[in-house]
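Only one structure is covered here, and it is reproduced in the block below.
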Amino acid sequence: MPAGATAKWLAIVGIGEDGLDGIGAAARQAIGEAEIVFGGARHLELAAPAIRGEACRWPVPFDTGMTDVIAARGRNVCVLASGDPFCHGVGATLARHVDPAEFRAYPAPSAFSLAAARLGWALQETETISLHGRPVELIRPLLNDGARILALTSNGRSPAEIARLLCESGFGGSRFYVLEALGGPAEAVTTLRADALGDKTFADLNVVAIEASCGDGDRTIPLASALPDDLFEHDGQITKREIRAVTLSSLAPRRGELLWDIGAGSGSIAISWMLAHPSMRAVAIEAEADRAARIRGNASSLGVPGLRIVEGQAAEALAGLPDPDAIFVGGGGSRNGVVETAMGRLRPGGRLVANAVTLEMEAVLLDLYARNGGELSRIGVTRAAPVGGMSGWRPAMPVTQWTWSKP
């Protein structure tokens, strides 16, 4: 415990739209005994009858460092939060700065719990996501026929934005619920199809629920590591699905890791890497401006808008980037110094995978293999294609792949 800290000096109280009526006696006592009560304007208003100490509104913009709360360490402090403070709430932020031994928590039902209860949905069988202050495109990977989804939103315009995304993705026929002010006297539930919502606005405090239903034009994102090529916009510069599957296997994604995708083309490797888990991060490095724009569009439409895109030539464009856990070299690797620079920046224990379809790049990989070891593979794919009035096997260009792990 930090020096000078007093055990249990902080109370974290979850409060819903029903205010003090919805919290227990211990939580109400914690509010009343606090010298300082922190919270948003709405929280402080809901708890006002119980507050005896100083009421302090959160600063704007919100201070994720919790400076004012930490400065009061050792005094009797209470922090008010919406619902369950540890479900996309301020409790999780506080826990990064305050040892759990120093606080008591009194959670109320989360918005997810309340929404599931109103709809009769089994919460463990429902996808949940927070889109509060985040791009609505993050919901894309969850859209699947029959899926049930609960989404926290940013404001009263968010439901229309989400519905528009569903329509663009072939899920306009989905059953769409907007649950406003859950648990309070102004609670309301609106039910309609996603394609019938239009530009309708709602109360800023709302949760969107979706029973996903796809039509003939759906663009469901499969759970397979290698997505169909036609889900990506590209100009032919794309790691084809079969090669992509082998490449991703060689890259061996692990939770929370950072990938550099050098010569990203369509961004298919970086996007697939990020789709493996919400914690995954990637940087796509691409020299051509039109391809970089195409990567940005693919990342948005496939639900990973957080993909960072750097325009420029490797190795110059790599300067200033955080060191990666894995690197894929798909294009530009035959330029002097590109692979060597990447190898130098790779974290210890990281993996580098480089693919070659040209003789020049293959020569680079043969030299790297001779000098550094690793694994060298030749991957060939043959597809059935028309031959006159019949069918025959047509081989694609073989790919040489070098895989290396940094000691």
Side-chain angles (χ1 to χ4, degrees), residues 226 229 232-244 246-248 250-251 253 257-274 281-299 304 307-347 350-372 374-379 396-406:
D229 294 345
F232 298 91
E233 294 291 335
H234 62 89
D235 59 359
Q237 189 72 13
I238 183 174
T239 303
K240 298 297 192 295
R241 181 177 59 182
E242 296 87 351
I243 305 301
R244 198 181 327 128
V246 176
T247 299
L248 288 164
S250 299
L251 286 168
E257 287 190 328
L258 172 66
L259 170 77
W260 284 358
D261 184 353
I262 299 176
S266 67
S268 64
I269 294 292
I271 289 168
S272 299
W273 170 277
M274 291 185 70
R281 298 166 295 133
V283 180
I285 299 98
E286 175 53 54
E288 302 292 333
D290 56 342
R291 287 177 178 166
R294 200 173 286 116
I295 293 170
R296 191 169 290 108
N298 284 333
V304 289
L307 172 62
R308 181 178 175 184
I309 300 165
V310 175
E311 293 187 39
Q313 292 278 5
E316 295 83 354
L318 307 180
L321 296 179
D323 291 344
D325 302 287
I327 298 173
F328 172 62
V329 182
S334 60
R335 296 179 67 233
N336 287 338
V338 170
V339 179
E340 288 81 358
T341 299
M343 292 169 67
R345 294 289 303 280
L346 189 64
R347 291 179 180 272
R351 293 83 60 205
L352 184 146
V353 177
N355 289 354
V357 293
T358 66
L359 295 177
E360 290 77 6
M361 183 60 182
E362 184 171 281
V364 170
L365 297 189
L366 289 171
D367 178 62
L368 288 166
Y369 175 66
R371 290 189 289 114
N372 299 282
E375 296 181 7
L376 197 65
S377 306
R378 174 67 67 87
I379 308 166
M397 292 181 67
V399 174
T400 300
Q401 182 175 99
W402 180 58
T403 303
W404 175 76
S405 296
K406 188 168 187 176

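Here the shortest heavy-atom pairing between Val353 and Ser250 reads CG2-CB, 3.7 Å. Scanning both residues, Asp229 and His234, for their nearest heavy atoms gives O-CD2, 4.0 Å. For Arg281 against Met274, the heavy-atom pair with the smallest separation is C-CG, 4.3 Å. Across Ile285 and Val283, no two heavy atoms sit closer than the pair CD1-O, 3.7 Å. Closest heavy-atom contact between Ala270 and Leu307: CB-CD1, 3.8 Å. Arg244 and Ser272 make their closest contact through CD-OG, 3.7 Å (heavy atoms, listed as atom of the first residue, atom of the second, distance).
Tested against Ile262, the residues Val310, Thr341, Val338 include a single side-chain contact (heavy atoms from CB on, under 4.5 Å) partner, Val338. Of the candidates Leu346, Val339, Leu368, Trp404 forms a side-chain contact (heavy atoms from CB on, under 4.5 Å) with just one, namely Leu346.
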Walk me through whether Arg371 and Glu340 qualify under side-chain contact (heavy atoms from CB on, under 4.5 Å). CA-CA 11 Å; Arg371 290 189 289 114; Glu340 288 81 358; 3.5 Å; yes
Under the criterion side-chain contact (heavy atoms from CB on, under 4.5 Å), I'd like the reasoning laid out for Lys240 against Val399: C-alpha separation, chi angles, the key distance, then a yes or no. CA-CA 10 Å; Lys240 298 297 192 295; Val399 174; over 6 Å; no
Could you walk me through whether Asn355 and Thr247 pass side-chain hydrogen bond (donor to acceptor under 3.5 Å, both in side chains), step by step? CA-CA 8 Å; Asn355 289 354; Thr247 299; 3.1 Å; yes
Hey, mind stepping through Trp273 and Leu251 against side-chain contact (heavy atoms from CB on, under 4.5 Å) and telling me if it holds? CA-CA 9 Å; Trp273 170 277; Leu251 286 168; 4.0 Å; yes
If you apply the rule side-chain contact (heavy atoms from CB on, under 4.5 Å), what do you find for Ser266 with Asn298, and how did you get there? CA-CA 7 Å; Ser266 67; Asn298 284 333; 4.0 Å; yes
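Remark: Asn372 CG to Trp402 CH2 distance equals 5.0 Å, nearest 0.5 Å. We find the OG1-CG distance between Thr239 and Asp261 to be 7.5 Å, quoted to the nearest 0.5 Å. Here the straight-line distance linking atom CD of Gln401 with atom CG of Leu365 works out to 9.5 Å at 0.5 Å rounding.
Looking at heavy atoms from C-beta onward, Glu286 lies out of side-chain contact with Gln237 at the 4.5 angstrom threshold. Counting heavy atoms from C-beta outward, Leu258 and Arg347 have side chains that stay 4.5 Å or more apart. Side chains of Lys406 and Leu352 form no contact here, defined as non-hydrogen atoms less than 4.5 Å apart. You'll find the side chain of Asp235 stays beyond 4.5 Å of the side chain of Glu288, heavy atoms only. In this structure, Ile269 and Leu259 have side chains that are in contact, with non-hydrogen atoms separated by less than 4.5 Å. Put simply, the side chain of Leu318 reaches to within 4.5 Å of the side chain of Trp260, judged on heavy atoms.
Taking a 6.0 Å sphere around CD of Glu233, one finds it holds 12 or fewer heavy atoms contributed by other residues, nucleotides or ligands. Shown here is Asn336, whose CG atom has no more than 12 heavy atoms of other residues, nucleotides or ligands within 6.0 Å.
Using a cut-off of 4.0 Å between Lys/Arg side-chain N and Asp/Glu carboxylate O, Glu362 and Arg378 are scored as salt-bridged.
Sorted by first and then second residue, the side chain to side chain donor-acceptor pair (under 3.5 Å) pairs with a member in residues 312-327 read Gln313-Arg335, Asp323-Arg345; sequence neighbours excluded.
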